[in-house]
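Report on the structure given below.
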Amino acid sequence: MKKHTMAALGAAAFSVSAFAAQAADIEAGASAFQSQCQNCHNVINEEGDVLAGRPNVRTGPNLYAILGRQAGVVDGFRYGASLVEAGEEGLVWDEELMTAYLQDPQGFLRETLDNNRARSQMSFRVRDEETAVNIIAFLDSLAPAEDDEEEAVSN
Ligand code: HEC
């Protein structure tokens with residue numbers, strides 16, 4: 001059941017990635033992050049540099065290098081059970097899935113887990129897809145480049 005839902009989400013979001021490729025606006029994403037996300041989240045790299053938001057914000061998890069990561073696994077953050085379960089069942093954040101999540105975290109978890117009692121501890125919703133796509137592009141711009149990782153591995 002869950003697989004179907006994930007596939008359906010992926011298909012529904014297919015147009016999003018085409019849209020994202022054309023129109024994602026990192027600067028608009030940065031200012032939307034500032035006004036909509038940083039009350040609860042920050043972005044801090046492994047060296048402890050604060051790349052976005054403020055240092056001591058802990059309402060939501062650190063969003064450094066969040067794309068490509070399993071949901072619900074930031075060290076030391078106390079997630080709700082539903083998000084952790086979704087991660088354990090294979091939810092890995094990509095642009096499409098995060099775009100859907102940001103617009104309705106609880107609805108997203110209910111659909112992903114096929115469980116109408118799933119709950120999100122993130123009560124905030126981004127109002128439109130374009131803003132979500134821009135914020136995701138901004139977060140991605142703060143993540144380490146894939147090239148660097150490959151280099152690190154081959155060294
Ligand atoms: C009112 C506080 C609040 C705001 C505002 C908020 N979040 Fe969250 N966010 C949370 C909490 C709390 C969680 C953990 C959710 C859970 O455990 O169910 C979370 C989880 C997440 C996750 C999943 C992280 C993971 O490790 O799997 C992402 C991605 C995320 N938020 C992105 C955003 C973005 C982007 C914004 C701005 C548009 C935002 N959030 C705004 C509180 C917030």
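Below, each value reflects all heavy atoms present in this structure, side chains not excepted, and no hydrogens, waters or symmetry copies. Both counts, for ligands and for their atoms, begin at 1 and track the order of listing.
- Closest heavy-atom contact between M98 and I66: CE-CG2, 3.6 Å.
- Counting the atoms of ligand 1 from 1 in the order shown, those under 4.0 Å from a heavy atom of A71 are 27 (O).
- Here C37 has heavy atoms under 4.0 Å from ligand 1 in both its backbone and its side chain.
- The CG atom of L102 sits 12.0 Å away from the CZ atom of R125 when rounded to the nearest 0.5 Å.
- Using a 4.0 Å cut-off between heavy atoms, F124 contacts ligand 1 through its side chain alone, with no backbone atom that close.
- Short contacts between ligand 1 and Q36, defined as distances under 4.0 Å to a heavy atom of the residue, involve ligand atoms 5 (C), 37 (C), 41 (C).
- Across the listed options S35, G60, G80, G80 owns the non-hydrogen atom lying nearest to atom 17 (O) of ligand 1.
- Close approach of ligand 1 to F77 (heavy-atom distance below 4.0 Å) involves ligand atoms 14 (C).
- Atoms of ligand 1 found under 4.0 Å from any heavy atom of L102, numbered from 1 in the order shown, are 32 (C), 33 (C), 34 (C), 35 (C).
- Both F77 and Y101 are part of a single hydrophobic cluster, where members link through side-chain heavy atoms under 4.5 Å apart.
- Residue contacts with ligand 1 for I66 involve side-chain atoms from C-beta outward but no N, CA, C or O (heavy atoms, distance under 4.0 Å).
- Taking each of A32, S82, C40, A118 in turn, the one with a heavy atom nearest to atom 4 (C) of ligand 1 proves to be C40.
- E129 places a side-chain heavy atom less than 4.5 Å from the side chain of T99.
- In summary, the side chains of N134 and T131 do not present any donor paired with an acceptor at a separation below 3.5 Å, with no hydrogens or angles considered.
- Annotation: side chain of Q106 is not in contact with side chain of E111 (no heavy-atom distance under 4.5 Å).
- At least one N/O/S atom of H41, from backbone or side chain, sits under 2.8 Å from atom 8 (Fe) of ligand 1.
- Across every non-hydrogen atom of I44 and Y64, the tightest pair is O-CB, 3.2 Å.
- Within the 4.5 Å cutoff, side-chain heavy atoms of Q36 are placed close to those of V126.
- Inter-residue side-chain proximity for V84 and E88 is flagged as met; some heavy-atom pair is nearer than 4.5 Å.
- Comparing heavy-atom distances from atom 13 (C) of ligand 1 across A86, P61, G29 singles out P61 as nearest.
- Neither the backbone nor the side chain of V84 has any atom closer than 4.0 Å to an atom of ligand 1 (non-hydrogen atoms only).
- At the top of the distance list for atom 26 (O) of ligand 1, counting protein heavy atoms only, stands Y79 OH, 2.6 Å.
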